[in-house]
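Just below is one structure, and these are the notes that go with it.
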Amino acid sequence: MSEIIILFLGAISAGLLGSLTGLGGGVIIIPLLTLGFGVPMHYAIGASLISVIGTSSGAAVAFVKEGFTNMRIGMFLEIGTTAGAIMGALVSGMLNPNTIGIIFASILLLTVVLNLKGKPDHQAPLIKGSLEEKLKLYGTFPDKGVLKSYSARNTVPGFLMMMFAGAMSGLLGIGSGALKVLAMDNMMRLPFKVSTTTSNFMIGVTAVASALIYFQRGEIIPVIVAPVLIGVVVGSFIGSKTLMVSKTKKLKIFFAVVITILSVYMMYNGINKSFR
């Protein structure tokens, strides 16, 4: 019972930190379960995927209502992320837990770099006769009471990057929000508010696709998943309220330090074959 309470409190912390940084609690949940509680890697990934579904669903509804999320772009790119997620989940079942730990640590370090980089706010106009016009990958979003128009660019490279983001989500049990935003913001030139909110909408759907495979393999354990899911949701709710009065720059620096330490420790344990 005491272990469940400690796990619940740890999940609250993961949800809080994940919400404040916009990258979800999965990046904290996996190290917490594997290094802190000795949970086998694949069981930890299964629990993390369920928590990603829970936290994404709640926030996605609010962003859709506010008019930031582009449902058409999200559903189109979801074809790539879902295919990637299924492939990632299948590959995960074939890999040694220590190999997954090393890959996880590498992606965490990449996440830190992407999160610290400045993000220019694009607002590309629609090009007549382009692939984006044919697929209707454009829209409007509210900005200080004014509706602003935008259109996607570089759809094919962005779609391929989404497949990679989905594969990392299915393989590692994280939302891969940083990789999705990289695809939409840097490659497809979408406005930052649109790319982040559309990414949040997509994360849950991507996680469902891979979670089904982990469930079929018997790697989603209710006694682990329940406290993690509830704790992450509670932590995310607290984080969303705290974010309003927090200084983003300090949060990013704090996040970078915490994740870098976790990455190094995960890498060390993976190399020394400490995961099971």
Side-chain angles (χ1 to χ4, degrees), residues 3-4 6-8 10-11 13-15 18 23-56 81-111 163-179 203-233 259 262-276:
E3 286 188 349
I4 293 177
I6 295 170
L7 180 56
F8 173 69
S13 302
L23 296 172
V27 293
I28 307 295
I29 288 296
I30 302 293
L32 173 70
L33 291 175
T34 55
L35 302 177
F37 290 87
V39 173
M41 179 65 76
H42 291 94
Y43 293 169
I45 293 173
S48 178
L49 284 170
I50 299 299
S51 73
V52 167
I53 296 168
T55 52
S56 169
T81 59
T82 301
I86 293 171
M87 287 188 289
L90 291 173
V91 171
S92 176
M94 306 173 196
L95 290 181
N96 183 286
N98 295 294
T99 303
I100 296 175
I102 293 171
I103 297 172
F104 186 93
S106 303
I107 293 296
L108 281 196
L109 289 172
L110 176 61
T111 298
M163 290 188 71
F164 176 70
M168 290 301 101
S169 177
L171 177 65
L172 306 174
I174 56 178
S176 294
L179 298 177
I203 284 170
V205 183
T206 305
V208 168
S210 44
L212 290 172
I213 294 174
Y214 283 87
F215 180 78
Q216 187 271 333
R217 290 202 301 246
E219 292 169 349
I220 293 180
I221 311 299
V223 72
I224 299 173
V225 170
V228 167
L229 175 59
I230 297 170
V232 168
V233 170
I259 296 302
L262 285 176
S263 301
V264 172
Y265 194 42
M266 288 283 286
M267 186 76 73
Y268 172 80
N269 279 272
I271 292 171
N272 284 282
K273 305 188 185 303
S274 300
F275 294 113
R276 60 191 182 93

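What you see is a predicted model; the values in this text were computed from it and never measured.
Counting only heavy atoms from C-beta outward, the side chains of F164 and L179 approach each other to under 4.5 Å. In this structure, the side chains of I103 and L95 come closer than 4.5 Å at one or more pairs of heavy atoms. Two residues are said to be in side-chain contact when any heavy atoms from C-beta on lie closer than 4.5 Å; V228 and I50 fail this criterion. Using a 4.5 Å heavy-atom threshold, the side chains of I28 and L262 count as touching. Counting heavy atoms from C-beta outward, I100 and F275 have side chains that stay 4.5 Å or more apart. I29 has its side chain out of reach of I174: every pair of non-hydrogen atoms, C-beta onward, lies at least 4.5 Å apart. Side-chain contact between K273 and N96 is absent, with no heavy-atom pair separated by less than 4.5 Å. Looking at heavy atoms from C-beta onward, L33 lies out of side-chain contact with M41 at the 4.5 angstrom threshold.
When every heavy atom of S92 is checked against every heavy atom of G170, the shortest pair comes out as CB-O, 4.3 Å. Between A47 and V225, the shortest heavy-atom distance links the atoms CA-CG2, 3.8 Å. A pairwise comparison of heavy atoms in S48 and S51 identifies O-OG, 2.7 Å as the closest pair.
Residue F8 places its CZ atom among more than 12 non-hydrogen atoms of other residues, nucleotides or ligands, all under 6.0 Å distant. Residue F37 places its CZ atom among more than 12 non-hydrogen atoms of other residues, nucleotides or ligands, all under 6.0 Å distant.
Side chain of N98 to main chain of S274: a donor-acceptor pair is present (N/O by atom type, distance under 3.5 Å, no hydrogens or angles).
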